[in-house]
Protein chains: 2
Amino acid sequence: MVPRKIGDDMLLDRITEIFRAHGYEGASLSRITEATGLQRASLYHRFPGGKAEMVAAVLERTGEWLGANVLGPLCQSGPPRERVERMCERLKEFYSDGGHSCLLDTLSLGDEGSELRASIEAAMTAWFDALSKVARDAGYKRGEARRRAEDAMVLIQGALVVTRATGNRKPFARALDRLPGVLT
Amino acid sequence: MVPRKIGDDMLLDRITEIFRAHGYEGASLSRITEATGLQRASLYHRFPGGKAEMVAAVLERTGEWLGANVLGPLCQSGPPRERVERMCERLKEFYSDGGHSCLLDTLSLGDEGSELRASIEAAMTAWFDALSKVARDAGYKRGEARRRAEDAMVLIQGALVVTRATGNRKPFARALDRLPGVLT
DNA sequence: GTCTATAGCTTGATAGAC
DNA sequence: GTCTATCAAGCTATAGAC
């Protein structure tokens with residue numbers, strides 16, 4: 001028996017980083033090999049389905065993390081504003097102050113009609129619903145709450161793109177500051 | 001003499017589409033060959049520098065189009081609100097109602113320290129400056145004008161990402177509707 | 001200016017030893 | 001469970017005919 005060089009958690013962390021930074025086509029096995037320390041054949045032992053299985057695992061795991069650490073706090077009890085502020089703290093670390101990209105952005109490139117699209121849409125919808133709910137709890141009617149949830153998603157994604165494209169992290173920081181005002 | 005199968009303008013149009021849809025790594029010569037009708041060797045005759053020269057040409061040309069059709073109208077005379085509305089009309093067609101992505105987004109993936117970064121940053125800055133100027137013309141002081149210019153860029157880029165990730169073009173349409181209010 | 005043919009490298013994926 | 005070695009297919013790029 002040969003011991004594992006790297007645990008499932010850390011392995012998926014490293015692979016997730018690659019997909020976030022390079023997108024699906026740019027996430028080559030060479031880059032993943034370099035980032036994880038595992039050779040090609042070892043990666044196929046952990047993910048027999050290859051890249052497709054890797055990205056599916058990455059999306060599922062990230063969705064779970066998002067549900068537990070972002071959407072969860074958003075739907076708990078307590079004042080809506082405090083719930084949103086808690087989400088912002090989690091987002092700040094999740095995106096490393098804007099230094100990391102969002103999988104929903106990088107994986108939605110040139111991906112017509114694949115199974116990824118379904119997962120991405122589902123993740124977007126789950127996030128949107130949670131934001132919508134907190135806006136309703138803050139007193140907005142359904143239509144206005146949905147608009148503000150959409151504004152919040154646009155704000156987050158836009159700030160990440162502008163931050164990445166300019167190399168300046170301030171837009172992301174300012175977006176997080178503005179989020180509570182958008183949703184409550 | 002063999003006649004050109006495709007003019008420079010249309011050729012660059014087609015190549016630009018590929019880079020917008022797939023990013024740099026996803027824009028393979030096979031896809032470009034298919035989209036342009038030119039074989040590999042013919043592409044290298046038009047762009048001796050290969051993919052690097054293609055993407056540089058795409059960025060330069062798109063920057064010129066942006067300057068003439070988006071930033072130009074923004075800096076002309078006339079009421080600021082009308083100038084912004086004119087920009088929104090151009091953006092609507094440029095992004096095909098949200099159906100096309102922004103090069104500043106798709107080309108900024110996994111592109112640490114390349115020459116592309118410089119071009120992307122420069123394009124972002126030019127756009128930001130033009131938006132900033134129109135906000136000042138609308139009566140905002142310098143700091144507030146810069147904040148609103150940043151909000152506008154975040155709004156546009158975020159709406160494009162959300163629209164692409166959800167497959168629903170309404171967020172982009174609503175973003176364009178909100179732009180005049182953000183800048184004036 | 002376009003093409004076919006080809007070189008050489010990288011990709012995703014597999015076989016089999018330890 | 002990891003590894004080296006290997007495969008076919010894809011990639012960027014080039015040579016040379018027309």
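Computation of the quantities below employed the complete heavy-atom set of this structure, encompassing side-chain atoms and omitting hydrogens, waters and symmetry-equivalent molecules. Here the structure is a predicted model, which is why all the values come from computation and not from measurement.
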Any cation-pi pair here, B:R146 with B:F128, using under 6.0 Å and within 45°?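 Negative - B:R146 is either too far from the ring of B:F128 or too far off its axis.
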
Got more than 12 heavy atoms from elsewhere within 6.0 Å of CD, B:E53? yes

Does A:Q76 have more than 12 heavy atoms from other residues, nucleotides or ligands lying within 6.0 Å of its CD? yes

Minimum-distance nucleotide (side-chain atoms of [X] versus [options]):
X	options	value
A:Y44	D:dT12, D:dG1, C:dG12	C:dG12
B:A41	D:dT2, D:dC11, C:dT4	C:dT4
B:K51	D:dA13, C:dG1, C:dC3	D:dA13

According to the side-chain hydrogen bond (donor to acceptor under 3.5 Å, both in side chains) rule, which pairs have a member within residues 104-113 of chain B, sequence neighbours left out?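 For residues 104-113 of chain B: A:R164-B:D105, A:R164-B:S108, B:D105-B:R164, B:D111-B:S114.
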
So what does [X] touch, heavy atoms closer than 4.0 Å: a base, only the sugar-phosphate, or nothing?
X	value
B:G37	sugar-phosphate
B:S42	base
A:R40	base
B:A52	nothing

Using a cut-off of strictly less than 4.0 Å, decide whether B:H45 has a side-chain nitrogen or oxygen near OP1 or OP2 of C:dT2.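 No, outside the criterion.
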
OP1 or OP2 of C:dG1 sitting under 4.0 Å from any side-chain N/O of B:R4?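 For C:dG1, OP1 or OP2 has a side-chain N or O of B:R4 closer than 4.0 Å.
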
Can you check the [X] [atom1] to [N] [atom2] distance for me, whole Å?
X	N	atom1	atom2	answer
A:H22	C:dT11	NE2	P	11 Å
A:F47	D:dT2	CZ	C1'	15 Å
B:I18	D:dC11	CD1	P	12 Å
A:E34	C:dT10	CD	P	13 Å
A:L11	D:dT2	CG	C1'	13 Å
A:Q39	D:dC3	CD	P	5 Å
B:R31	D:dG10	CZ	P	12 Å
A:I32	C:dT10	CD1	P	17 Å

Map A:P48 and A:S30 onto DNA chain C by nearest heavy atom, then report which one ends up closer to the 5' terminus. A:S30

How far apart are the C-alpha atoms of A:K92 and A:E89, what are their side-chain angles, what is the distance that settles it, and do they pass the salt bridge (charged side-chain N to carboxylate O under 4.0 Å, His left out) test? CA-CA 5 Å; A:K92 184 163 143 56; A:E89 291 168 18; over 6 Å; no

